[in-house]
Amino acid sequence: MKPAIIVHGGAWDIPDKIWQAHKEGCTKALEKGMEMLETGASAIDAVEECIKIMEMNPVFDAGRGSFLNIDGKIEMDAGIMDGKDLSFGAIGGIDGIYHPVSLARKVMEETEHVFLAGNGAHKFARKMGFQKIPYEKLLVGRELDRWLRIKDDPDFRTRTVFEEDKKGRIDKDGIRVDTVGAVAIDINGDISSATSTGGIPKKMSGRIGDAPIVGCGFYADNLAGGASATGWGEQIMKICMCKTAVDFLSEGLDPMEAARRAVEVLETRVDGSGGIILIDSKGRIGHAYNTPRMAFEFSYAV
Ligand code: ASP
């Protein structure tokens with residue numbers, strides 16, 4: 001099998017002045033992922049590494065650079081899945097670590113469970129040797145400034161932000177950043193996907209989005225394909241967007257069409273906005289979004 005990989009850095013009305021940084025952030029992760037796949041790495045190692053690179057890049061809303069919630073805290077979500085045996089791991093509402101995606105993978109590989117959140121997730125992180133990262137190291141000035149601007153603004157609502165994005169109007173707060181995702185197929189035909197996010201600005205404390213919910217923010221099945229979604233999490237969850245897209249692949253749709261149809265369901269059924277990336281079991285790529293832009297890059301081995 002010839003490996004292939006696709007990564008995204010969010011779907012929204014990404015303004016020109018930060019578009020390049022988004023594209024470059026995706027390219028940097030993609031190059032590393034492709035180099036790994038070409039030298040025989042597994043899809044799951046490649047997607048984890050891509051996400052780790054993007055979690056350390058403060059351009060994105062994942063790891064360093066995550067949005068602050070209503071209380072000014074960071075709460076990150078991530079999920080990762082191995083399409084070989086449908087195993088997955090997920091983490092909800094974690095702080096104090098750089099790489100939620102790696103902790104999600106530990107949940108998958110080191111526990112009998114699939115999803116950890118709250119105090120137990122923190123305890124598990126320490127047990128797995130994740131050092132406690134001080135809040136200040138995850139926080140970037142841009143997000144502190146944003147939080148100070150919006151925390152007392154009654155008009156700053158999740159719905160408004162995503163609706164404005166869909167219409168192609170950068171939200172009134174000016175600049176957002178976004179969730180990251182990766183999907184890969186390796187030389188053995190194994191498919192993996194992963195998604196990581198700081199969620200959405202001014203979210204309620206304890207809010208968990210689509211990113212760590214299997215079938216919603218991520219999904220992978222060697223028999224059909226893999227997917228990672230981004231956008232309005234509350235709406236993405238209602239249509240189990242990644243599983244919906246992978247089901248379209250199972251029905252025989254090509255990945256571009258499957259991605260387009262999944263976004264169509266998001267839009268027509270729940271008036272949602274966002275985007276999705278896909279790889280099918282033949283290594284073909286798909287992508288679609290109903291926002292003005294989605295940052296993504298992909299590559300096939302030649
Ligand atoms: N889907 C993410 C969430 O709702 C946010 C995003 O992708 O922009 O948490």
Side-chain angles (χ1 to χ4, degrees), residues 7-15 18 22 25-26 51 54-55 57 59-63 65-70 73-79 90-95 100-101 104 115 117 143 146 156-166 170-171 173 175-183 193-219 227-245 259 262-263 266-267 270-277 287-296:
V7 304
H8 74 73
W12 59 288
D13 190 10
I14 307 171
I18 57 168
H22 274 64
C26 289
I51 299 289
M54 291 195 278
E55 284 173 339
N57 184 342
V59 163
F60 301 112
D61 165 36
S66 286
F67 290 134
L68 303 186
N69 70 11
I70 198 158
K73 302 266 166 52
I74 288 172
E75 289 184 331
M76 302 172 286
D77 304 331
I91 280 290
I94 192 85
D95 67 350
V101 71
F115 194 157
E143 291 312 321
R146 186 197 316 279
F156 191 94
R157 298 183 57 224
T158 300
R159 167 174 284 277
T160 327
V161 169
F162 285 104
E163 280 173 351
E164 293 296 295
D165 276 352
K166 202 166 108 190
I170 297 161
D171 66 79
D173 175 46
I175 291 175
R176 281 188 25 217
V177 283
D178 236 322
T179 295
V180 301
V183 186
S193 79
T195 304
S196 179
T197 188
I200 48 178
K202 208 181 161 187
K203 62 185 178 182
M204 285 176 70
S205 172
R207 180 265 189 192
I208 290 179
D210 60 301
I213 309 293
V214 68
C216 299
F218 67 104
Y219 198 72
S228 169
T230 177
W232 190 355
E234 279 72 10
Q235 311 305 74
I236 287 172
M237 282 189 270
K238 290 174 188 166
I239 65 149
C240 298
M241 189 168 177
C242 284
K243 180 68 165 82
T244 297
V263 170
L266 180 71
E267 178 153 334
V270 294
D271 198 23
S273 60
I276 191 162
I277 56 172
H287 47 82
Y289 48 98
N290 67 350
T291 46
R293 280 175 166 167
M294 176 168 76
F296 68 97

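Note that the coordinates shown come from a computational prediction; the quantities given were computed from them, not determined experimentally. Along the sequence shown, the residues carry numbers beginning at 1. Both ligands and their constituent atoms are indexed starting at 1 by order of listing.
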Select the closest option to atom 2 (C) of ligand 1 among G209, G231, G233, judged by heavy-atom distance.
G231
When F296 is tested against each of H22, H287, H8 for ring pair (Phe, Tyr, Trp, His ring centres under 6.0 Å), which residue passes?
H287
If we set the cut-off at 4.0 Å for heavy atoms, which region of T230 has an atom near ligand 1: side chain, backbone, both, or neither?
both
Could you tell me whether ligand 1 has any atom less than 4.0 Å away from a heavy atom of G199?
yes
Please indicate whether any nitrogen or oxygen in D77 is less than 3.5 Å from any nitrogen or oxygen in ligand 1.
no
Donor-acceptor check, side chain of D77 to backbone of T197, threshold 3.5 angstrom: yes or no?
no
Under a 4.0 Å threshold between the charged nitrogen and the carboxylate oxygen, would E234 count as salt-bridged to R207?
yes
Give a yes or no answer on whether the side chain of T244 reaches the backbone of I239 with a donor-acceptor pair at less than 3.5 Å.
yes
Sub-4.0 Å heavy-atom contact, E234 with ligand 1
no
So, the side chain of S193 versus the backbone of A227: is there a donor-acceptor pair under 3.5 Å, distance only?
yes
Does A211 come within less than 4.0 Å of ligand 1, judged by its heavy atoms?
no
Is the contact between H8 and ligand 1 made by the side chain, the backbone, both, or neither, using heavy atoms and a 4.0 Å cut-off?
neither
For T179, the ligand 1 atoms with a heavy-atom partner under 4.0 Å come out as 2 (C), 5 (C), 6 (C), 7 (O), 8 (O)
D178: numbered ligand 1 atoms lying under 4.0 Å from its heavy atoms:
6 (C), 7 (O), 8 (O)
Taking every non-hydrogen atom, the tightest pair across G181 and I277
O-CD1, 4.0 Å
Closest to atom 4 (O) of ligand 1 (judged by heavy-atom distance), picking from R207, M76, K203, M241:
R207
Does K243 have any side chain to side chain donor-acceptor pair (under 3.5 Å) partners at least two apart in sequence or in another chain, and if so, which?
D247
